[in-house]
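In what follows, every chain begins at residue 1, and chains take the letters A, B, ... in the order their sequences are listed.
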Amino acid sequence: VQRRSGRGGLALGSWLALAAEVSAQALATPPLPLTALFPHRDQAESQARLVGQVSNSLGQPVAGAQVHLEGLENLAQPIQTDEQGAFELNQAPAGRRLLTVWHPDYEKAEQEILLQAGLTTPVEVVLQVPLRPQPRRRLGILGVGGLDHTRLLSQRLAIEVVRLGLIPNTEKVVPLDNRRLQPILRQVGWPIYELFEWDRRKPEAVSRFFDYLGLEAIVIARVDVLTRPTSPTEVSLRSRSRLELWRFDEQGNLVAEVLAEASRNQVERGNLNADDLAQLYQIQVTQMAAEIGSRWKKNHPLASYLELAPGEAPVPPSRLDTAVELVIPPS
Amino acid sequence: LRYILLTHLQISRDYNRQGSPLLNMALRLLAPAIPVEIPNFTPNQLRSRGVVVVVDLQKDRPGDRARYYEAYGRDDVGGEPLFEDAAAGLFRLQVRNMVPLFIQQWQANNPFAG
């Protein structure tokens with residue numbers, strides 16, 4: 001255009017006519033096929049290889065699971081995982097495909113994978129145990145905290161409560177572990193610290209949580225801490241713990257009540273590191289659990305949940321009798 | 001992928017020096033010559049600031065003005081010092097309350113319209 005207008009003789013109309021002519025020529029020639037840009041590949045090269053490993057949420061291999069790949073419908077025999085949970089597909093079609101793994105004991109897993117021609121694609125599939133509502137019969141116990149360190153302390157309180165026999169470890173009692181609850185929480189739709197929030201209760205979600213775990217009621221252990229300097233050289237470690245009972249009454253309303261509360265306040269030197277703090281708080285938690293236990297000896301608030309079945313022997317509380325002796329050899 | 005949302009949250013837990021207004025009003029009436037206020041020494045002034053930056057990978061170039069949205073949360077809780085988990089619960093609520101503020105800002109100035 002620059003060249004032609006440089007000549008000066010062409011009017012705008014004729015330029016438009018020229019442009020139209022050029023575009024008409026472009027339309028007349030068929031567009032270059034995109035495939036011509038890439039080197040030609042034969043059929044064998046457009047095949048991809050897929051190797052996979054199927055395991056359950058505990059990491060154990062799942063043998064005999066059926067594997068199905070989208071676009072590979074008419075196989076002579078279905079693909080199954082071997083004893084190590086592994087499977088292999090040597091002639092898989094390349095591209096973005098949906099992989100489906102199915103086993104009667106687990107939930108069906110679907111995963112989209114990208115297979116590239118001529119390459120081997122590894123894939124790992126984790127099968128989850130299906131979540132089915134169970135009859136509500138058991139008493140759960142769980143430590144709940146919104147921060148990492150309070151969650152650990154709360155879990156510690158829950159463990160101490162069972163260890164000291166405040167809640168005997170019978171068949172009816174399920175000590176729950178935060179880390180193992182993830183699939184259920186995903187189903188329920190709340191993180192654990194929001195599910196059991198004291199101020200904003202969520203009856204439907206708690207009800208589903210009870211159903212999946214077969215719980216009649218749950219004891220929630222909470223520990224909260226506050227570290228504050230009291231003077232330039234000293235720091236006060238305050239902690240409070242609480243045991244709550246969450247259950248549904250006869251009308252189906254969610255009821256939460258406080259079973260026990262205890263608190264500790266301790267002044268220590270100011271140059272403590274995070275590990276020291278964590279250990280001091282753990283000791284406080286153990287002391288608080290023991291204090292609650294001594295209060296409960298007279299009047300146990302959970303007696304109705306812990307009635308033993310006829311013929312069942314009571315479980316003796318376990319005790320820590322380990323003595324640690326530190327011997328420094330004379331030099 | 002066309003848009004990336006970068007989110008950032010700052011929290012602080014400060015001492016509120018304001019004190020009780022009723023108590024300080026009474027003090028001012030009793031002793032008007034002495035300009036003294038009794039402060040509140042609990043570390044329960046919870047402040048948070050949430051920032052969302054929307055990056056349009058197709059249009060934005062280095063040096064462009066950032067599409068930047070922010071919202072604030074503030075709580076002044078009197079009484080005893082809040083324990084850590086309780087304070088964390090309030091901060092979580094502040095974050096939840098920021099969401100409608102961001103939605104309002106996006107309605108006024110939609111970062112995904114281009």
Side-chain angles (χ1 to χ4, degrees), chain A residues 114 142-158 178 189-202 220-231 235-242 244 258 261-267 274 277-278 280-281 284-285 288, chain B residues 1-5 7-20 37-52 57-58 71-103:
Chain A
L114 180 63
L142 175 67
V144 174
L147 298 168
D148 278 347
H149 57 286
T150 55
R151 195 191 64 234
L152 286 174
L153 289 171
S154 306
Q155 197 67 35
R156 163 104 182 196
L157 177 64
N178 275 329
W190 291 98
I192 194 77
Y193 50 84
E194 296 209 4
L195 183 63
F196 291 105
E197 238 178 341
W198 183 260
D199 298 332
R200 285 167 290 279
R201 297 184 192 165
K202 304 158 184 82
I220 299 289
R222 282 184 216 275
V223 178
D224 206 346
V225 297
L226 181 64
T227 314
R228 286 183 73 196
T230 48
S231 72
V235 63
S236 90
L237 314 181
R238 293 173 65 185
S239 64
R240 61 175 184 215
S241 56
R242 191 157 83 166
E244 297 161 7
V258 177
E261 280 181 311
S263 60
R264 284 285 178 281
N265 190 1
Q266 177 181 3
V267 176
L277 276 181
L280 287 170
Y281 278 128
Q284 290 190 359
V285 166
M288 286 187 280
Chain B
L1 200 65
R2 178 166 178 191
Y3 297 104
I4 292 182
L5 268 69
T7 58
H8 176 71
L9 186 79
Q10 291 174 317
I11 58 171
S12 72
R13 193 175 166 185
D14 292 325
Y15 288 88
N16 180 5
R17 278 162 298 144
Q18 201 176 340
S20 158
E37 281 203 333
I38 298 177
N40 178 4
F41 283 118
T42 57
N44 290 350
Q45 195 179 44
L46 311 179
R47 295 284 182 270
S48 60
R49 170 170 174 263
V51 174
V52 176
L57 293 179
Q58 288 183 5
Y72 296 91
R74 44 188 66 216
D75 268 307
D76 290 297
V77 189
E80 283 285 292
L82 275 179
F83 278 56
E84 289 174 20
D85 211 353
L90 283 177
F91 280 127
R92 270 201 300 274
L93 260 188
Q94 290 185 357
V95 172
R96 191 170 294 172
N97 292 338
M98 280 176 193
V99 174
L101 297 176
F102 283 121
I103 292 174

*Asks:* Quick one: list whatever passes side-chain contact (heavy atoms from CB on, under 4.5 Å) with Ser241(A), sequence neighbours left out.
*Replies:*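 Residues passing side-chain contact (heavy atoms from CB on, under 4.5 Å) with Ser241(A): Leu157(A), Val223(A), Ala262(A), Met288(A).
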*Asks:* Heavy-atom pairs under 4.5 Å with chain B - which of Arg222(A), Arg238(A), Glu197(A) has more of them than the others?
*Replies:* Arg238(A)
*Asks:* Heavy-atom distances under 4.5 Å only: say whether Ser239(A) touches chain B with side chain, backbone, both or neither.
*Replies:*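 Backbone of Ser239(A) only, per the 4.5 Å heavy-atom cut-off to chain B.
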*Asks:* Who in residues 95-103 of chain B is close to chain A, using a strict under-4.5 Å heavy-atom cut-off?
*Replies:* Arg96(B)
*Asks:* With side chains defined as the heavy atoms from C-beta onward, is the minimum distance between Arg240(A) and Leu226(A) less than 4.5 Å?
*Replies:* no
*Asks:* Taking side chain as C-beta onward, heavy atoms only, is Arg242(A) less than 4.5 Å from Trp198(A)?
*Replies:* yes
*Asks:* So, does Asp85(B) use its side chain to make a donor-acceptor pair with the main chain of Val225(A) at under 3.5 Å?
*Replies:*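 A pair under 3.5 Å: no.
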*Asks:* Where does Ala87(B) contact chain A at under 4.5 Å (heavy atoms): side chain, backbone, both or neither?
*Replies:* neither
*Asks:* Where along residues 144-152 of chain A does a heavy atom come under 4.5 Å of chain B, listed by residue number?
*Replies:* Gly145(A), Gly146(A), Leu147(A), His149(A), Thr150(A)
*Asks:* For Asn44(B) and Leu82(B), work out which heavy atoms get closest and say how close.
*Replies:*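 Shortest heavy-atom separation between Asn44(B) and Leu82(B) comes out as OD1-N, 3.0 Å.
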*Asks:* According to salt bridge (Lys or Arg N to Asp or Glu O under 4.0 Å), who are the partners of Asp75(B), at least two apart in sequence or on a separate chain?
*Replies:* none
*Asks:* Check for a donor-acceptor pair, side chain of Asp14(B) on one end and backbone N or O of Gln45(B) on the other, with a separation under 3.5 Å.
*Replies:*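 Judged by distance alone, no pair lies under 3.5 Å.
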*Asks:* Tell me which of these, Ala86(B), Gly89(B), Ala88(B), Pro81(B), has more heavy-atom pairs under 4.5 Å with chain A than the rest.
*Replies:*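 It is Pro81(B).
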